[in-house]
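As structure tokens, the structure follows; a few thoughts come after it.
What you are looking at is a predicted structure, and each value in this text was computed from that prediction instead of being measured.
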Amino acid sequence: MARVSQEHLDARRRQILDGATRCFARNGFHATSMQDILREAGLSAGAVYRYFRSKEELIAAIADEAFATIRGAFEDAARTAPPPTPDVLLGRVMRTMLEEHVPGGDRQAFARLIVQVWTETLRNELLATTLDEGYTGMRQVWAKLVDAYRDNGLMGADVPADHVARTLIATAQGFIAQQALFGDVQVEVLENGLRGLMSMRETKIS
């Protein structure tokens, strides 16, 4: 019997995750059954359960993949000299998340899926652990980016790096929430808004 290649296994896993993502984004976690995911992915129960034993494992895998995408973008940025400024970097990350990484191209549906992941952590211990690990990892990576800004003379040292990292994360989360709630929020709006804030200068009142 011929061995299945790793490429085939990775493609099958991708097929399952994309199908689950479309289902969850369209109908929500609780209204989506494993049968729905099987139909969406076009696979048998045996093929799917070989990779994921439950909806909870699928949700955790989708969340972990999203974190990995964001972490990778910021790790790359921290290695660049000089690193891209926050407006450029967050714009790049949001485009990856909401334009290039979305099965079916529905940005609002995918943003709603991310918000669902956040709320689901309040009742799902596995997902809460995944989210906590992902958030902690992002704070560490983004803090390294702050160090890169300082090394290149782009930022002062008077604010703790973790505070800056958490603010950058909050900006990304807020943009995703706006996309989920209102839709049609263009990445250029985020970039322009950040650029405007970055252009502010402290004025002395005599």
Original post:
For Leu43 and Arg12, what are the C-alpha separation, side-chain angles and deciding distance, and is it a side chain to side chain contact (heavy atoms under 4.5 Å, CB included)?
Top reply: CA-CA 9 Å; Leu43 296 170; Arg12 182 58 55 86; 3.3 Å; yes

Original post:
Yes or no on side chain to side chain contact (heavy atoms under 4.5 Å, CB included) for Arg26 and Arg22, after CA distance, side-chain angles and deciding distance?
Top reply: CA-CA 6 Å; Arg26 186 168 58 238; Arg22 288 192 296 270; 4.2 Å; yes

So, the side chain of [X] versus the backbone of [Y]: is there a donor-acceptor pair under 3.5 Å, distance only?
X      : Y      : value
Asn152 : Ala148 : yes
Asn124 : Thr121 : no
Arg150 : Gly156 : yes
Gln15  : Ala11  : no
Glu191 : Gly91  : no
Lys55  : Met34  : no
Thr119 : Gln116 : yes
Arg195 : Asp87  : no

Original post:
Can Phe24 and His30 be said to form a side chain to side chain contact (heavy atoms under 4.5 Å, CB included), step by step?
Top reply: CA-CA 8 Å; Phe24 292 145; His30 301 294; over 6 Å; no

Original post:
Should Arg50 and Leu9 be marked as a side chain to side chain contact (heavy atoms under 4.5 Å, CB included) after you check the CA-CA gap, both sets of side-chain angles, and the distance that decides it?
Top reply: CA-CA 10 Å; Arg50 176 180 182 179; Leu9 294 174; 3.7 Å; yes

**OP:** Check whether more than 12 heavy atoms from other residues, nucleotides or ligands sit under 6.0 Å from atom CE of Met200, and answer yes or no.
**Re:** no

Close side-chain approach of [X] to [Y], heavy-atom, < 4.5 Å:
X      : Y      : answer
Glu56  : Phe29  : no
Leu58  : Tyr51  : no
Ile114 : Gln179 : no
Leu89  : Leu168 : no

Original post:
Pro86 and Leu194: which non-hydrogen atoms are nearest, and at how many Å?
Top reply: O-CD1, 3.9 Å

Original post:
Trp142 and Leu154: same hydrophobic cluster, using ILVMFWY side-chain contacts below 4.5 Å?
Top reply: yes

Original post:
Is Leu197 reachable from Val159 through a run of hydrophobic residues whose side-chain heavy atoms are each under 4.5 Å from the next?
Top reply: no

Subject >> Note: Glu188-Arg95 ion pair, threshold 4.0 Å (strictly below) >> reply: yes

Original post:
Salt bridge between Asp10 and Arg14, side-chain N to carboxylate O under 4.0 Å?
Top reply: no

**OP:** May I have the step-by-step check of side chain to side chain donor-acceptor pair (under 3.5 Å) for Ser33 and Asp36, ending in yes or no?
**Re:** CA-CA 5 Å; Ser33 67; Asp36 294 329; 3.1 Å; yes

Original post:
Just one of Leu131, Thr130, Ile59, Leu127 clears the side chain to side chain contact (heavy atoms under 4.5 Å, CB included) bar with Asp64, so which one?
Top reply: Thr130

**OP:** Not counting sequence neighbours, list each pair that qualifies as a ring-ring contact (aromatic ring centres under 6.0 Å, His included) and has a residue in residues 146-183.
**Re:** none

